[in-house]
2 protein chains.
Amino acid sequence: MKYSKATNYALHTMLNLAMSNSSKPIGVQTLAEQQNVSPTYLSKILTKLVKEGMVSSVSGANGGYSLTKGWESISFLDIIFAIEGKSSLFECGLDHGPHCQIQKVMLESEEKMEEELRRQTLAGLVQTSK
Amino acid sequence: MKYSKATNYALHTMLNLAMSNSSKPIGVQTLAEQQNVSPTYLSKILTKLVKEGMVSSVSGANGGYSLTKGWESISFLDIIFAIEGKSSLFECGLDHGPHCQIQKVMLESEEKMEEELRRQTLAGLVQTSK
DNA sequence: ACATTATAGAGTCTTATAGTCTTTGATTAA
DNA sequence: TTAATCAAAGACTATAAGACTCTATAATGT
Ligand code: SF4
Ligand code: SF4
């Protein structure tokens, strides 16, 4: 069980966008160079972030990607969910009702991690990264 | 990113062993029936648990598996680590030193989950499951 | 000896991840 | 209005991981 590389790329890209804070959008070409990843692949990842409303894109010359308003409060969890999906890490298939302790423990522990990931915002990341 | 089915089997098997608490070992055949999984596959999972010292096995007629002494304090995390391995969920490959905030956040959040999984023991599970 | 049961390894099947290539569509600058 | 520039979408391929299966071997009790 590992985070996908796509999640890694997404986190770094969001940090890059947040740091550069230029008014003009940044092209996928540039973003890709900073992480040794192919532009076409990164663009698929960026499209997911756009669909979640964290990033806005503009086509055409001088186009590219930029963070949307309110980016400061985007959390790690938001980014991770955008890429990995929102479903639980533990799924047994069956459902033996509310007395199932296994599920309870697994889900609660996962929730602890998510709480922390929700607490950490892009703004906080930028703050400590520069 | 999901837990593997093997982890699921391992957790259920450990619970089954803990609940049945018979003095005689239980064969993989029996353990497999309780979860609709093939005996040969479950045996591979059990072998991992044996190697971690949580379960002891005896070959031959009337053989099978049983929990080792001190099973009460085995945690969810112990079981999960035995199957999934102990490496971190987030690995970026590179290492940009201690000022890397991305890694810091990811690892700390993971640690929160593990704390909780460490707190939950087999004994506690049995207690609330019967 | 013989039946029973765990262990080990190779081998298969399926699914998910990671990535490429190509086409289309939007936008801007000339 | 045309050409260049960029994102979006989809089909496609490749690699790796997960989820098994099969067979052979070793240990143990009767
Ligand atoms: S006991 Fe709980 S974890 Fe196990 S199969 Fe039933 S619902 Fe799922
Ligand atoms: S910045 Fe941190 S997470 Fe990113 S590659 Fe460097 S060490 Fe890894």
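Only a predicted model underlies this, so the values are computations on that prediction, with no experimental measurement involved. Residue numbering restarts at 1 for every chain, and letters A, B, ... go by the order of the sequence lines.
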Nucleotide of D:dC20, D:dA7, C:dT5 approaching A:Tyr65 most closely (side-chain heavy atoms): D:dA7
Nearest to the side chain of A:Ser59, heavy atoms from C-beta on, is which of C:dG19, C:dT27, C:dA6? C:dT27
What's the OH-P distance between B:Tyr9 and D:dG18, to the nearest Å? 14 Å
Within this structure, what is the NZ-to-C1' distance between A:Lys48 and D:dA7, rounded to whole angstrom? 17 Å
Between P of D:dC20 and CD1 of B:Ile83, the distance in whole Å: 14 Å
Report yes or no: do A:Lys69 and A:Ser56 form a side-chain donor-acceptor pair below 3.5 Å? no
For B:Met1 and D:dA17, what is the distance between atoms CE and C1' respectively, to the nearest whole Å? 15 Å
Is the phosphate of C:dT20 approached by A:Ser38 (side-chain N or O, under 4.0 Å from OP1 or OP2)? yes
By the 4.0 Å heavy-atom rule, please label B:Val37 as base, sugar-phosphate, or nothing. nothing
Regarding B:Tyr3, tell me which of base, sugar-phosphate or nothing describes its non-hydrogen contacts under 4.0 Å with the strands shown. nothing
Under 3.5 Å, is there a donor-acceptor pair between the A:Glu84 and A:Ser4 side chains? yes
d(CG, A:Leu42; P, D:dA8) in whole Å: 11 Å
So, is B:Lys24 close to the D:dG29 phosphate, meaning a side-chain N or O under 4.0 Å from OP1 or OP2? no
As a test of reading the structure: which of C:dA18, D:dA19, C:dT7 is closest to the side chain of A:Ser4, going by heavy atoms? C:dA18
Rounded to whole angstrom units, what separation is found between the CD1 atom of A:Ile45 and the P atom of D:dA8? 13 Å
Is B:Asn62 near enough to D:dT30 that one of its side-chain N or O atoms lies under 4.0 angstrom from OP1 or OP2? yes
So, is A:Ser57 close to the D:dA8 phosphate, meaning a side-chain N or O under 4.0 Å from OP1 or OP2? yes
Look at B:Arg119 together with A:Glu108 and state whether they make a salt bridge at an N to O cut-off of under 4.0 Å. no
Between A:Gln120 and B:Ser109, is the side chain to side chain donor-acceptor pair (under 3.5 Å) condition met? List the steps. CA-CA 9 Å; A:Gln120 301 290 342; B:Ser109 66; over 6 Å; no
Give a yes/no answer on whether the side chain of A:Thr47 brings an N or O atom under 4.0 Å of OP1 or OP2 in D:dA8. yes
Considering only side-chain heavy atoms of A:Thr40, which listed nucleotide, D:dA7, C:dA6, C:dC21, is closest? C:dC21
Tell me the closest heavy-atom pair linking A:Tyr41 and A:Ala6, and the distance in Å. OH-CB, 4.1 Å
Integer-rounded Å distance: C:dT5 C1' and B:Ile26 CD1: 14 Å
Whether the B:Asn16 and B:Thr13 side chains hold a donor-acceptor pair (N or O, under 3.5 Å, no angle test) is what I'd like checked. no
In this structure, how many angstroms lie between the C1' atom of C:dT5 and the CD atom of B:Glu33, rounded? 15 Å
For B:Tyr41 and A:Gln29, take the nucleotide of DNA chain D holding the closest heavy atom to each; which residue's nucleotide lies nearer the 5' end? A:Gln29
Picking from C:dG25, D:dC20, D:dA9, which would you name as closest to the side chain of A:Lys51? D:dA9
Nearest-nucleotide comparison on DNA chain C, the residue closer to the 5′ end among A:Val58 and A:Lys44: A:Lys44
